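Predicted model only: the values in this text are computed from it and were never measured. What you see below is based on every heavy atom in this structure, not just the backbone, and it leaves out hydrogens, waters and symmetry mates. Below, chains carry the letters A, B, ... as their sequence lines are ordered, and counting in each starts from 1.
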Amino acid sequence: MSNTIRVRFAPSPTGPLHIGGVRTALYNYLFAKRYNGKFILRIEDTDDKRFVSNSESYILETLKWCKIIPDEGVGYGGPHTPYYQSKRGNIYKLYIDKLLKKGEAYYAFDTYNDLCTRKIEYAKKGLVFSYDHKTRMYLNNSLNMKEKELYHKLSSCYPYVIRYRVNPGQTLKINDIIYGDIKMSTDYLDDKILLKSNGKATYHLANTIDDYLMGITHILRGEEWISSVLFHVLLYKSFGWKIPFFAHLPLILKKNSKLKISKRTINNSDFPIYPIKWISYEENKIIDGYRELGYFSEAFVNILALLGWNPGGNKEILSMKELEKSFSLKRIKKSNVFFDIKKAEWLNKQYIYSKKKEVYFFVKKLLNKRCLSFSTFYLWKVINLIINRISFMNEGIWNDIFYFFVSPNFYTKKSFLYKISFERSIFYLKEINYSLNNYIFLYNKLKKNFISQYKDKNKRIIFMKLIRLALVGSLKGVDLFIILEMLGKKESIRRIKVLINNIKEKKFL
RNA sequence: GGCUCAUUCGUCUAUUGGUUAGGACGUCAGGUUUUCAUCCUGGAAAGAGGGGUUCGAUUCCCCUAUGGGCUACCA
């Protein structure tokens, strides 16, 4: 018997994984790596009403992108196949029978409508209906039936569910690795459904059985499960199983609504919640994820890892390997966290310096798309010039580099021209072109010549702005003399002439 | 309503029974630059409130407040 740590990530395929789910997967993965354990991926597809067909591939692709690779599970095989709960129905039924025999579970025939009306009745009185030890004796279940009636109902295919019979008056307790002691009296527990009327197990049952059968030693999951963890403990006790360690993770909250992130409330989130692109066939739309927005998976994982956990000390930029080495459950916080998109942006920028090669190929792709071709040497020069001006690897890069490849097709800072009047602008630009024609287009020489020719600083500034406007189309961009050198004499002069013509023809009034 | 969990700068957080409560993002100011970005320097910014315990509490305990989670034949 080995003492290997075994953890699992068990999403339900009811839609895309959001960043909260990814972080849960990440923490499980890091914990496994840190202690040489196994990380298992199980798909909890017990809810066929909410089933969304492309979620599974989404989950798999997301984990792959993040380099959170399972040791076992869906897509990876392993000794506990199948890792789909939908394919483990027979196993669950076996255990339900045990509970039934022990009298710890019972059949309930109340229809959905029955229970709804009860809820409404209770609500009218300001109460909340709960199917529990106080109410079950008045409801339509096998506890209140003669054996004959039960037999009749079962044999004539009445729809039923199977509920757990909670014994009141006990105090349940666990010691959560993160939250510490969690206590609750069974008086407040309801008789949860174990088997739905469609014959499928509910989360509580399937999850508990699978965790036991798959040898899960530590359960790391979101804090929203704290309220049912003691019910799960009850189940473990009923089956006589050793209770695993629990570690509930603080939730990631949305800043504007202060609610936990969920698949349903994507619309009012103040930050993207999907790791990668999600194609919703139901709603017929595509939502970009962090990958599409230009985040590096390393940066994405880094920022997620730091949400509720930190290795101590001031180091914030951590590779997966470093995370694996320093991860510990003890350093996870208890309070929920807000996701700061600004910090995520900054962090991604920190990674971009080490990603020049990727940027190079990305830029090359952008050029190919536009049927443009430049030498490797020239391209690398551009990359080195603009690497500190970009934060994301997305189409937006083009705005920072286009002027090295094509002339501007509009002038965003044309208001500058009004300040000095159009006539004067044309006059100046013509003078500039005359001067440039006599320069040698090398950075140092350009700079030296220009400065010595235009000694009056104010005039020089105006001239330089005019040139920049002609070359870039706005008053942004890298060192002007570098741009001139890069573009060369012919192209620079040509762009200035284009600007002159545009002003003459009042193309941008 | 019930059960349950939490609370350090705006945000992520460090640290501690005795500290000028530290860092990062953001923000503000200044410097660098022809411009934008980068970069550099500096500033503002926090222990929810009230009681205890203690020589001393942000740290330990209690209460209150605020916020979160759950309260489904969803996970």
Side-chain angles (χ1 to χ4, degrees), chain A residues 10-15 44-47 49-50 85 108 110-112 115-116 119 122-123 126-131 159-163 176 178-180 182-185 187-190 192-200 202-204 206-207 221-230 248 250-251 253 255 258-260 262-263 303 306-310 312-317 331 333-347 349 353 386-391 400 413 416 450 457-458 460-469 472 474-481:
Chain A
S12 67
T14 53
E44 309 221 323
D45 49 350
T46 52
D47 182 2
K49 273 185 216 140
R50 293 198 305 154
Q85 291 190 330
D110 318 82
T111 64
Y112 180 75
L115 296 175
C116 270
K119 271 177 199 166
Y122 270 64
L127 299 167
V128 177
F129 172 75
S130 169
Y131 207 119
Y160 66 87
V161 300
I162 292 175
R163 288 181 182 268
D176 189 276
I178 292 159
Y179 284 90
I182 296 170
K183 273 183 276 189
M184 195 171 66
S185 162
D187 294 2
Y188 302 112
L189 240 35
D190 63 329
K192 288 201 191 312
I193 290 174
L194 303 175
L195 195 77
K196 298 183 260 191
S197 59
N198 64 1
K200 293 204 173 189
T202 58
Y203 169 84
H204 303 293
N207 184 274
R221 49 156 42 162
E223 189 246 40
E224 73 259 39
W225 293 109
I226 278 192
S227 41
S228 40
V229 67
L230 291 173
H248 288 89
L251 265 18
L253 265 28
K255 219 166 176 176
K258 291 192 172 178
L259 298 173
K260 73 164 180 168
S262 71
K263 293 158 194 167
I303 193 78
L306 257 22
L307 232 45
W309 171 86
N310 76 86
N314 291 331
K315 198 166 184 220
E316 289 194 300
I317 297 172
R331 290 196 69 89
K333 289 225 320 170
K334 291 180 189 171
S335 48
N336 296 338
V337 295
F338 292 107
F339 185 78
D340 185 359
I341 190 69
K342 285 275 185 233
K343 189 148 188 179
E345 285 173 15
W346 169 81
L347 197 66
K349 200 183 176 74
Y353 297 104
I386 55 93
I387 195 74
N388 67 345
R389 317 176 76 86
I390 53 180
S391 301
D400 292 299
K413 278 283 183 201
F416 167 71
F450 195 86
K457 199 181 174 190
N458 290 331
R460 197 164 71 222
I461 288 174
I462 291 172
F463 273 36
M464 289 175 84
K465 283 188 174 173
L466 281 170
I467 300 172
R468 181 175 292 282
L469 196 63
V472 181
S474 69
L475 298 181
K476 288 182 180 175
V478 306
D479 191 315
L480 185 63
F481 298 106

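Comparing A:Gly313 and A:Glu44 by the nucleotide of RNA chain B that holds the closest heavy atom to each, the one mapping nearer the 5' end is A:Gly313. For the pair A:Leu253 and A:Asp47, nearest-nucleotide mapping onto RNA chain B gives the more 5' position to A:Leu253.
Side-chain atoms of A:Leu251 lie closest to B:G68 of the nucleotides B:C74, B:A72, B:G68. Considering only side-chain atoms of A:Lys196, the nucleotide from B:C3, B:G10, B:A75 that sits closest is B:A75. The side chain of A:Met184 lies closest to B:C3, out of B:C12, B:C3, B:A37.
Separation of the P atoms belonging to B:C5 and B:C62 is 12 Å when rounded to the nearest angstrom. If you take atom C1' in B:A44 and the same atom in B:A65, they sit 28 Å apart, rounded to whole Å. Comparing the same atom, C1', in B:U4 and in B:C60 gives a spacing of 23 Å after rounding to whole Å.
The shortest distance between the side-chain N/O atoms of A:Lys333 and the OP1/OP2 oxygens of B:U13 is below 4.0 Å. Look at A:Lys465 and you won't find any side-chain N or O under 4.0 angstrom from OP1 or OP2 of B:U35. Put simply, A:Asn310 has a side-chain N or O that comes within less than 4.0 Å of OP1 or OP2 on B:A14. The shortest distance between the side-chain N/O atoms of A:Lys342 and the OP1/OP2 oxygens of B:U11 is not below 4.0 Å. Proximity of A:Ser130 to the phosphate of B:G2: no side-chain N or O atom is located under 4.0 Å from OP1 or OP2.
Distance alone, capped at 3.5 Å, places no donor-acceptor pair between the A:Lys333 side chain and the A:Ile178 backbone.
Within the nucleic acid shown, A:Asp400 has no heavy atom closer than 4.0 Å to any nucleic acid atom. When heavy atoms are screened at a 4.0 angstrom cut-off, A:Leu480 is found touching base atoms of the nucleic acid.
Evaluation of atom-type donor-acceptor distances gives no pair under 3.5 Å for the side chain of A:Arg460 against the base of B:U34. Counting distance only, with no hydrogens placed and no angle test, the side-chain atoms of A:Lys343 and the base atoms of B:A24 include a donor-acceptor pair under 3.5 Å.
By the 30° and 60° cut-offs, the orientation of the rings of A:Tyr203 relative to A:Trp225 is parallel.
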